[in-house]
Amino acid sequence: MISPIRYYSTNLKTTPIPFSNALLKGLAPDRGLFMPEIIPTISAEEILSFTDKPYHEIAYEVGRKFLKGQIPNKDLKRIVKDAYDYDVPLERADGNKYIMRLDQGPTASFKDFAARMMGRLMQYYMDKENRKLLILTATSGDTGSAIANAFYGLDNIGVVVLFPEKEVTSRQRKQMTTLGKNVQTIALDAKFDDCQALVKEAFADPDLEHLDLSSANSINIGRLIPQIVYYFYAFARLRKGKKNDDVIFSVPSGNFGDMMGGMLAMRMGLPVKRFIIAVNENDEFPHYVNTGEYQKTEPSKNCISSAMNVGHPSNLSRLVALYGGVMDEKGHISKQADMESMRKDIFSVSINDKQTRKTIKKAYERHGVLLEPHGAVGWAGLWKFLDKEGKQHPEDQLYVSLETAHPAKFPEEINKILGFDPELPPSLEGLEGKKEEYDYLENNYKAFKEYLLIKY
Ligand SMILES: *Cc1c(COP(=O)(O)O)cnc(C)c1O
């Protein structure tokens with residue numbers, strides 16, 4: 001008899017529930033985030049067996065550990081095969097330093113990895129239970145299009161995307177506003193954090209319960225699990241096969257879903273020596289890791305790595321939980337995490353815009369690698385780490401820095417720095433000619449609530 005893993009809330013005031021319920025709820029009723037009660041393990045032999053497996057099979061092996069008893073194996077196999085039908089290039093940049101390009105999905109951002117699997121899992125449960133859902137999501141640019149794309153055209157799932165008008169590029173906007181059908185986009189003259197706050201308030205509003213709201217933000221557990229997979233994939237492909245084989249990852253971070261995927265991979269048994277968590281000028285996290293004191297950046301700062309302009313990363317409460325602490329949704333810590341072990345696992349650094357631009361230039365000129373602002377923050381973070389403690393690691397230490405979006409999503413910035421427009425991947429071609437449609441709302445909850453009640 002398989003007993004499914006249950007998912008608890010980081011606020012500890014909700015009874016743990018199975019995966020399917022946590023997936024559909026998104027946020028726990030006590031406003032905490034769901035975390036697995038047990039973190040399943042993957043043995044060294046299993047990891048070795050991943051060496052030649054295609055990406056979707058690794059996704060299946062990782063996914064089934066968390067979803068046991070929650071979905072038949074054959075359905076999970078079908079879902080991951082359908083979701084991961086694109087490349088995951090590992091580009092050698094310099095010696096043993098690699099760039100993992102997570103930008104080959106349909107919206108050219110790493111958010112496709114999470115959104116596509118979550119969307120298909122939700123659809124699976126909706127079909128099974130004959131139910132309807134309304135997905136509310138706030139985006140700083142990439143989530144919106146990845147979610148909209150993953151759910152586009154489904155009959156039983158509606159999607160509402162809120163975005164800060166001045167913080168997304170025109171290409172990012174067009175990726176969401178030209179879809180139509182079940183995808184509704186709303187522009188706000190506000191910051192990403194404001195959009196996120198409206199969405200959170202809607203979830204807690206009893207007057208909206210009949211709408212069957214669900215979140216698709218990086219807080220959803222259904223997005224977290226798929227983000228574990230590429231860490232296994234990178235190691236499986238690049239491992240040296242020697243004793244003491246391990247890897248150091250550099251992760252450009254905003255809301256910390258990506259980082260949490262990596263942390264869970266490590267807890268499952270992936271030999272990760274260290275995580276470099278690189279943020280932009282929103283530096284509340286490096287400060288927290290170094291001092292144990294947490295203070296959000298309010299308001300969040302505008303940097304060119306716009307998808308990482310997050311002043312209070314939602315997933316931080318998950319990280320704190322992983323290290324035995326409790327942080328609520330407002331960032332208040334009622335039980336401190338084991339900071340010493342956190343520091344052993346994590347090196348965190350803030351990279352400003354000037355350094356980001358310099359890194360894009362240097363990576364291109366010196367290593368022939370084309371990065372966009374987010375990936376450049378990760379790559380710059382890796383070099384900061386090497387400056388500081390590179391000497392402590394062996395010559396042939398493996399490093400993997402994550403590139404989270406395609407450079408063609410940021411043509412204005414790249415052109416300013418390098419003097420040319422990045423080539424468009426097929427997924428972004430033809431956007432310019434499409435018709436955009438979106439609504440404007442004031443940045444207040446009352447307006448948003450009325451909008452939802454009238455429209456749905
Ligand atoms: C969302 C996003 C990030 C940040 O990822 P988190 O999981 O929120 O830390 C980084 N880069 C790009 C391009 C993104 O879209």
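Count residues from 1 along the sequence. FYI, side chains are in, hydrogens and waters are out, and symmetry mates aren't considered; it's all heavy atoms of this structure. Indexing begins at 1, ligand by ligand and atom by atom, following the structure's order.
- In terms of polar-atom proximity, Thr404 is counted as a contact of ligand 1, with an N or O under 3.5 Å from an N or O of the ligand.
- Within the structure, ligand 1 lacks Met259 among the residues with a heavy atom less than 4.0 angstrom away.
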### Task
Kindly determine whether Tyr55 and Phe113 satisfy ring-ring contact (aromatic ring centres under 6.0 Å, His included), including the steps that lead there.
CA-CA 11 Å; Tyr55 189 91; Phe113 283 84; 5.6 Å; yes
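- Summarising the geometry of Asn182 relative to Phe151, their closest heavy-atom pair is ND2-O, 3.0 Å, with the distance given to 0.1 Å.
- If you look at Gln227 next to ligand 1, there are no close heavy atoms at all, none under 4.0 Å.
- Side chains of Asn149 and Asp112: no donor on one and acceptor on the other come within 3.5 Å.
- For Lys25, the NZ atom counts as loosely surrounded, since its 6.0 Å shell holds 12 or fewer non-hydrogen atoms of other residues, nucleotides or ligands.
- Considering backbone and side-chain atoms together, Phe256 places an N or O closer than 3.5 Å to an N or O of ligand 1.
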### Task
Evaluate ring-ring contact (aromatic ring centres under 6.0 Å, His included) for Tyr399 paired with Tyr98, printing each intermediate quantity in order.
CA-CA 6 Å; Tyr399 298 94; Tyr98 289 80; over 10 Å; no
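- The N/O atoms of Glu372, backbone and side chain alike, include none that comes under 3.5 Å of an N/O atom in ligand 1.
- Distances between N or O atoms of Lys111 and those of ligand 1 include at least one value under 3.5 Å.
- Side-chain contact of Glu167 with Ser306: a donor-acceptor pair under 3.5 Å is absent, judged by distance alone.
- Atoms of ligand 1 lying under 4.0 Å from at least one heavy atom of Ser253, given by number and element, are 9 (O).
- Under 3.5 Å, the side chains of Asn282 and Ser300 contain no donor-acceptor pair of N or O atoms.
- Within ligand 1, the atoms closer than 4.0 Å to a non-hydrogen atom of Ala405 are 13 (C), numbered from 1 in the order shown.
- Taking CH2 from Trp383 and OG from Ser401, the interatomic distance works out to 11.0 Å, rounded to the nearest 0.5 Å.
- Within the listing of ligand 1, atoms 7 (O) sit less than 4.0 angstrom from a heavy atom of Asp258.
- Residue nearest to atom 9 (O) of ligand 1, selected from Ala108, Gly254, Gly144: Gly254 (by heavy-atom distance).
- At a 3.5 angstrom cut-off on N or O pairs, Asn255 counts as close to ligand 1.
- By the 3.5 Å distance cut-off applied to N or O atoms, Gly257 is counted among the residues near ligand 1.
- Near Phe110, meaning under 4.0 Å from any of its heavy atoms, are these atoms of ligand 1: 1 (C), 2 (C), 3 (C), 5 (O), 7 (O), 14 (C).
- Considering both main-chain and side-chain atoms, Asp142 comes within under 3.5 Å of ligand 1 through a nitrogen or oxygen pair.
- Considering backbone and side-chain atoms together, Pro252 places no N or O closer than 3.5 Å to any N or O of ligand 1.
- Sorted by first and then second residue, the pairs that involve residues 265-289 and meet salt bridge (Lys or Arg N to Asp or Glu O under 4.0 Å), not counting sequence neighbours, are Arg274-Glu389.
- Counting only distance, with no hydrogens or angles, the side chain of Asp103 and the backbone of Pro407 share no donor-acceptor pair below 3.5 Å.
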